[in-house]
Asker: 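One structure, pasted below without further comment.
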2 protein chains.
Amino acid sequence: MNEDVEPQDPCVERLARLTGDRCKAKNAARRLQTLTDNIDESELVAEAEIFKAMSDPCRLAILKLLREGELCVCEIMTALDRPQSSTSHHLSILKRAGLIRERKEGKWSRYRLSEGAVIEMMNLAKLMTSL
Amino acid sequence: MNEDVEPQDPCVERLARLTGDRCKAKNAARRLQTLTDNIDESELVAEAEIFKAMSDPCRLAILKLLREGELCVCEIMTALDRPQSSTSHHLSILKRAGLIRERKEGKWSRYRLSEGAVIEMMNLAKLMTSL
DNA sequence: CTTATATATCGAAATGGTTTGATATGACTC
DNA sequence: GAGTCATATCAAACCATTTCGATATATAAG
């Protein structure tokens, strides 16, 4: 007896008022439902984490530095003129998001960009800001 | 009398200890200096704002919904099952970052993706999470 | 084993973001 | 113009992030 979308569904009610056509509203509601059903929550969170990692000016600067090649924490903090603990913290966030990789060498930690599309991502953002 | 990099520069000191070679250290310091000089702070902040706008799961879901076409606030809040004020707030952030555009039509506000590279950005992120 | 150096982690303060009910605005309807 | 509906804005509670000094860990050198 239960259809995909109930006749009394507030969603349909609302859309019916929008379109003035109850039948169209039902289809629209079904379409919206399908769209949201196709969005995987955990995928959403994973993708958001990448953007969150890139959403800090300091971290973006680090990524830009690393385009030129591998650098150790010591060089990065010097280049950015930031305290060591801040720099280290930001690096750990970038690493957790998979944007950079670490290579330990003696007492040094050398960081480089991951093989992924990090650079393309930055290029796109630059393109978008210059429009 | 002032060179690009002072002999007593703590930056050079540090790098000299790293490489063991004061001359190489000086060059490395100069290279790092050039790299950071080429990073424009305001550009950095502008790009970070784009990533920040995309760093929330709810906002990412909105962007994914809008890939299918123009939607009004009412439809979006219905699809995502979120309160109206939250939905509106997220839309304003996306708009401020230039990721979506608004078209007023009577009492409705219809939103659509901007012409920019928003979709490519999402595709890249999806690619990066699936590695 | 002590010292020095590079980095990571902790902790607390400051800051910023998200959420949502309540309220304001603005448009269409009667 | 009173009522209704779509949306925006406000405000307060709540939660997350950033920052940085202090401390811990780990490696290398003496």
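Proteins get letters first, then strands, A, B, ... in listed order; numbering begins at 1 in each. No experiment lies behind these values; they were computed from the predicted model shown.
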Asker: A:Lys107 or B:Tyr111: which one's nearest nucleotide on DNA chain D is closer to the 5' end?
Answerer: B:Tyr111
Asker: Counting only heavy atoms from other residues, nucleotides and ligands, does the tally under 6.0 Å from CG of A:Asp81 exceed 12?
Answerer: no
Asker: Can you tell me how far P of C:dT5 sits from CD of A:Glu75, to the nearest Å?
Answerer: 17 Å
Asker: How far apart are the closest heavy atoms of A:Ile50 and A:Ala97, and which atoms are they?
Answerer: CG1-O, 4.2 Å
Asker: When all nucleic acid strands are considered with a 4.0 Å heavy-atom cut-off, which category describes A:Ile76: base, sugar-phosphate, or nothing?
Answerer: nothing
Asker: Give me the residues of residues 46-65 of chain A where at least one heavy atom lies under 4.0 Å from an atom of DNA chain D, by number, or none.
Answerer: A:Lys52, A:Asp56, A:Arg59
Asker: Nearest of D:dT19, C:dT19, C:dT7 to any side-chain atom of A:Cys72?
Answerer: C:dT7
Asker: Which part of the nucleic acid, if any, lies within reach of A:Ser109 when heavy atoms closer than 4.0 Å are counted: base, sugar-phosphate only, or nothing?
Answerer: sugar-phosphate
Asker: Among the nucleotides C:dA8, C:dT20, C:dA6, which one has an atom lying closest to any side-chain atom of A:Ser88?
Answerer: C:dA8
Asker: Rounded to the Å, how far apart are A:Arg96 CZ and D:dT17 C1'?
Answerer: 11 Å
Asker: How long is the gap from CH2 on B:Trp108 to CD on B:Glu70, to the nearest 0.5 Å?
Answerer: 13.0 Å
Asker: Let me spell it out: for each of A:His90 and A:Gly106, pick the nucleotide of DNA chain D with the closest heavy atom. Which residue's pick is nearer the 5' end?
Answerer: A:His90
Asker: Check every strand shown and say whether A:Ile93 touches a base, only sugar-phosphate, or nothing at a heavy-atom separation below 4.0 Å.
Answerer: sugar-phosphate
Asker: Does B:Ser55 use its side chain to pair, donor to acceptor, with the backbone of A:Ala48 at less than 3.5 Å?
Answerer: no
Asker: Roughly how far, to the nearest 0.5 Å, is the CD1 atom of B:Ile62 from the CG atom of B:Leu80?
Answerer: 5.5 Å
Asker: Would you say the side-chain atoms of A:Glu47 and B:Thr129 include a donor-acceptor pair closer than 3.5 Å?
Answerer: no
Asker: Mind calculating the distance between CG (B:Leu91) and P (D:dA8) to the nearest angstrom?
Answerer: 7 Å
Asker: Take atom CD of B:Glu70 and atom P of D:dA6, then tell me their distance rounded to the nearest Å.
Answerer: 17 Å
Asker: To the nearest Å, give me how far apart CD (B:Glu102) and C1' (D:dA8) are.
Answerer: 9 Å
Asker: Side-chain donor or acceptor of A:Gln84 under 3.5 Å from a matching atom on the base of C:dA6?
Answerer: no
Asker: Find out whether B:Asn38 and A:Lys64 are in side-chain contact, i.e. whether some heavy atom of one side chain is under 4.5 Å from a heavy atom of the other.
Answerer: no
Asker: Atom CD of A:Glu115 and atom CE of B:Met128: how far apart are they, to the nearest 0.5 Å?
Answerer: 10.5 Å
Asker: Which of the following nucleotides, D:dA8, C:dG21, D:dT27, is nearest to the side chain of B:Ser85?
Answerer: C:dG21
Asker: Using atom CZ of B:Arg103 as one end and atom P of D:dA8 as the other, report the distance to the nearest whole Å.
Answerer: 14 Å
Asker: In whole Å, what is the span from the CG atom of B:Leu94 to the P atom of C:dG17?
Answerer: 14 Å
Asker: Pick base, sugar-phosphate or nothing for A:His89, based on heavy-atom distances below 4.0 Å to the nucleic acid.
Answerer: base
Asker: What nucleic acid atoms does B:Glu105 come within less than 4.0 Å of, heavy atoms only: base, sugar-phosphate, or nothing?
Answerer: nothing
Asker: Could you tell me the separation between the CG atom of B:Leu71 and the P atom of D:dT7, rounded to a whole number of Å?
Answerer: 11 Å
